[in-house]
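For the single chain, residues carry numbers from 1 onward in sequence order. One-based numbering, in listed order, for ligands and for the atoms of each. This is a predicted model, so every value here is computed, not measured.
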Amino acid sequence: MERARPRIGVLALQGDFAAHARALRSCDAEPVEVRTPEPLADVAALILPGGESTTLLRLLRLTSLDRAIPAFHRSGGFLFGTCAGLILLAREVRDPDQESLGLLDVGVQRNAYGRQVESFVGSGTFSRNGGSPAAQEMVFIRAPRILRVGEGVETIGFLGDEPTLVRAGRIWGATFHPELAEPFEIHRRFLAEVAGDR
Ligand code: GLN
């Protein structure tokens, strides 16, 4: 029997949510734009896209999503924060210090790659199915750096020996933009986990 296409929320307040929606469609999932708490009742996961984390944080508060997203996670939902989305999920945020949802036990530094190389495409590694790491294109746009990885947080993607993709239970975080790297291997693995195919 064919499986129904999973419905995956994409936080659509600001930033590059449209690129995540395209990536999800190409992985045979159905993106659902999330601007209020209500659609969270009907999705298996929520992607928090790249954008500008200070603006996103303000909009999360205005829409009450700052409370609805932690509740969604507690009730079994998966979360994936990419770039600014990771900054929103991280426990500590530096440069400048900023509040966050604090759901993922990592510390991040914003805009950590400096002015000269604010944006670049790196050749990183990612272990696709938990096995040996394979080459993975990683697009960094005024990206944060992960300074601290908490106990119980697993690093599954690297640029050199720096962590760039981490996961802890149902929460994933990337410092780069996986929605800009076809054929979206990282979305595919995330979706496989959401479907319980680990
Ligand atoms: N520099 C942005 C911030 O600190 C993140 C950049 C991005 O999401 N591409 O919020």
* R35 NZ/CZ over F17 ring centroid, <6.0 Å and within 45° of normal -> yes
* R142 to Y113 six-membered ring, cation-pi geometry met (6.0 Å, 45°) -> no
* Residue part near ligand 1, for R110, under 4.0 Å between non-hydrogen atoms -> side chain
For the 3.5 Å polar cut-off, considering only N or O atoms, please tell me whether [X] and ligand 1 meet it.
{"X": "I87", "value": "no"}
{"X": "R142", "value": "yes"}
{"X": "A84", "value": "yes"}

Hey, is the main chain of [Y] close enough, under 3.5 Å, to the side chain of [X] for a donor-acceptor pair?
{"X": "E52", "Y": "T54", "answer": "yes"}
{"X": "T82", "Y": "A174", "answer": "no"}
{"X": "R7", "Y": "P31", "answer": "no"}
{"X": "R91", "Y": "S100", "answer": "no"}

Which of the atoms in ligand 1, numbered in the order shown and given with their element, are less than 4.0 Å from a heavy-atom of [X]?
{"X": "S53", "result": "3 (C), 4 (O), 10 (O)"}
{"X": "E52", "result": "10 (O)"}
{"X": "H177", "result": "7 (C), 9 (N)"}
{"X": "G50", "result": "8 (O)"}

* Relative to the ring of F78, is the ring of F190 parallel (under 30°), tilted (30 to 60°) or perpendicular (over 60°)? -> perpendicular
Starting from [atom], locate the nearest protein heavy atom and write down its residue, its atom name and how far away it is, to 0.1 Å.
{"atom": "atom 7 (C) of ligand 1", "result": "C83 SG, 2.8 Å"}
{"atom": "atom 1 (N) of ligand 1", "result": "N111 OD1, 2.6 Å"}
{"atom": "atom 5 (C) of ligand 1", "result": "G51 O, 3.4 Å"}

* To do: Enter the distance from L60:CG to L101:CG here, rounded to the nearest 0.5 Å.
  => 6.0 Å
